[in-house]
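By convention in this document, chain letters (A, B, ...) are assigned in the order of the sequence lines, proteins followed by strands, and residues within each chain are numbered from 1. No experiment lies behind these values; they were computed from the predicted model shown.
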Amino acid sequence: MKPFTANVIAIIKQIPEGRVMTYGQIARAAGSPRAARQVVRILHSMSKKHRLPWHRVINAKGQVAIKDEVTAMEQKWQLEAEGVEVSQKGEIDLVRYQFHVLSEPDNNITL
DNA sequence: AAGGTGACTGTCA
DNA sequence: CTGACAGCCACCT
């Protein structure tokens with residue numbers, strides 16, 4: 001398992017209930033700012049083997065990005081069960097529910 | 001082993 | 001605001 005993968009898993013496991021994170025956000029926190037898609041892949045495979053709160057991970061638009069309706073609906077349920085308001089379209093208020101990572105690598109993000 | 005793929009993202013029109 | 005494009009890179013076949 002690569003460090004990146006381990007980071008992603010570790011980060012996802014840190015997401016508290018009632019909070020969500022975006023794929024890109026996790027990717028950055030894991031050390032690969034452009035690896036949002038890998039986060040997705042990792043989420044897929046790892047959620048099958050581990051117990052990850054994959055439902056707390058959404059896309060940058062603050063919406064459920066799942067194409068599979070059944071799975072998407074299940075994610076919505078999971079989130080609502082944790083107190084996250086999800087619109088009928090699967091929209092989530094990131095300003096309210098986005099979780100900020102605590103253990104971010106020393107990414108000197110200089111603007 | 002090599003190539004295809006994707007539950008993404010930022011930019012441009 | 002929506003849609004199209006291209007970059008991205010670990011996982012799967």
Side-chain angles (χ1 to χ4, degrees):
Chain A
M1 181 187 291
K2 306 190 84 177
F4 174 72
T5 306
N7 284 334
V8 170
I9 295 169
I11 292 166
I12 292 173
K13 289 170 69 175
Q14 288 180 51
I15 306 176
E17 291 186 11
R19 286 295 176 290
V20 298
M21 283 186 77
T22 68
Y23 297 99
Q25 189 184 5
I26 293 172
R28 279 194 297 277
S32 298
R34 309 293 156 180
R37 314 185 69 149
Q38 286 59 265
V39 174
V40 171
R41 300 234 60 103
I42 294 168
L43 221 52
H44 280 206
S45 48
M46 300 318 281
S47 62
K48 295 172 186 170
K49 303 174 178 63
H50 302 252
R51 282 216 182 177
L52 297 179
W54 59 271
H55 53 274
R56 294 179 193 150
V57 185
I58 59 179
N59 66 17
K61 301 193 256 337
Q63 301 181 288
V64 173
I66 304 175
K67 291 180 180 176
D68 181 47
E69 293 181 47
V70 180
T71 311
M73 188 166 60
E74 194 164 304
Q75 176 175 26
K76 186 184 167 191
W77 287 341
Q78 293 263 44
L79 290 172
E80 291 180 329
E82 296 182 354
V84 177
E85 292 179 51
V86 184
S87 75
Q88 196 168 26
K89 299 171 193 164
E91 299 174 338
I92 297 169
D93 188 351
L94 283 179
V95 180
R96 288 186 56 187
Y97 300 109
Q98 185 165 47
F99 174 64
H100 295 270
V101 201
L102 326 89
S103 58
E104 276 199 61
D106 40 53
N107 286 331
N108 287 317
I109 305 175
T110 310
L111 293 176

- Of A/Arg41 and A/Arg37, whose nearest nucleotide on DNA chain C comes first from the 5' end?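 Residue closer to the 5' terminus by nearest nucleotide: A/Arg37.
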
Expressed in angstrom and rounded to an integer, what is the separation of [X] atom [atom1] from [N] atom [atom2]?
{"X": "A/Arg28", "N": "B/dT9", "atom1": "CZ", "atom2": "P", "value": "9 Å"}
{"X": "A/Ile42", "N": "B/dC8", "atom1": "CD1", "atom2": "C1'", "value": "13 Å"}
{"X": "A/His44", "N": "B/dC8", "atom1": "NE2", "atom2": "P", "value": "8 Å"}
{"X": "A/Leu43", "N": "B/dG6", "atom1": "CG", "atom2": "P", "value": "16 Å"}
{"X": "A/Ile9", "N": "C/dC11", "atom1": "CD1", "atom2": "C1'", "value": "13 Å"}
{"X": "A/Asp68", "N": "B/dT5", "atom1": "CG", "atom2": "P", "value": "19 Å"}
{"X": "A/Tyr23", "N": "B/dT5", "atom1": "OH", "atom2": "P", "value": "20 Å"}
{"X": "A/Met73", "N": "B/dA7", "atom1": "CE", "atom2": "C1'", "value": "16 Å"}

Please tell me if the side chains of [X] and [Y] come closer than 4.5 Å, counting only heavy atoms from C-beta onward.
{"X": "A/Tyr97", "Y": "A/Glu85", "answer": "yes"}
{"X": "A/Ile11", "Y": "A/Met21", "answer": "yes"}
{"X": "A/Ile15", "Y": "A/Trp54", "answer": "no"}
{"X": "A/Gln63", "Y": "A/Ile58", "answer": "no"}

- Message: So A/Thr5, base contact, sugar-phosphate only, or nothing? Heavy-atom distance under 4.0 Å.
- Response: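 Result for A/Thr5 = sugar-phosphate.
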
- Side chain of A/Ala60 (C-beta onward), nearest among B/dG10, B/dA7, C/dC9: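 Looking only at heavy atoms from C-beta outward on A/Ala60, the closest nucleotide is B/dG10.
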
- Query: For the side chain of A/Arg34 and the base of C/dC8, is some donor closer than 3.5 Å to an acceptor across the two?
  - Reply: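 For A/Arg34, whose side chain was compared with the base of C/dC8, there is no donor-acceptor pair (under 3.5 Å).
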
- Query: Given Watson-Crick or G-U pairs with both distances under 3.5 Å, what dot-bracket string fits DNA chain B, with | for other-strand pairs and [ ] for crossing?
  - Reply: .|||||.||||||

- Query: Is there a path of hydrophobic side-chain contacts, each under 4.5 Å between heavy atoms of I, L, V, M, F, W or Y residues, that connects A/Ile26 with A/Val84?
  - Reply: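 A/Ile26 and A/Val84: separate clusters.
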
- Expected output: side-chain A/Glu17 to main-chain A/Gly83 donor-acceptor under 3.5 Å: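 No; judged by distance alone, with no hydrogens or angles, the pair does not exist.
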
- Message: Whether the side chain of A/Thr71 engages the backbone of A/Lys67 through a donor-acceptor N/O pair (distance < 3.5 Å, no angle test) should be reported.
- Response: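 No, because the side chain of A/Thr71 does not come within donor-acceptor range (under 3.5 Å) of the backbone of A/Lys67.
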
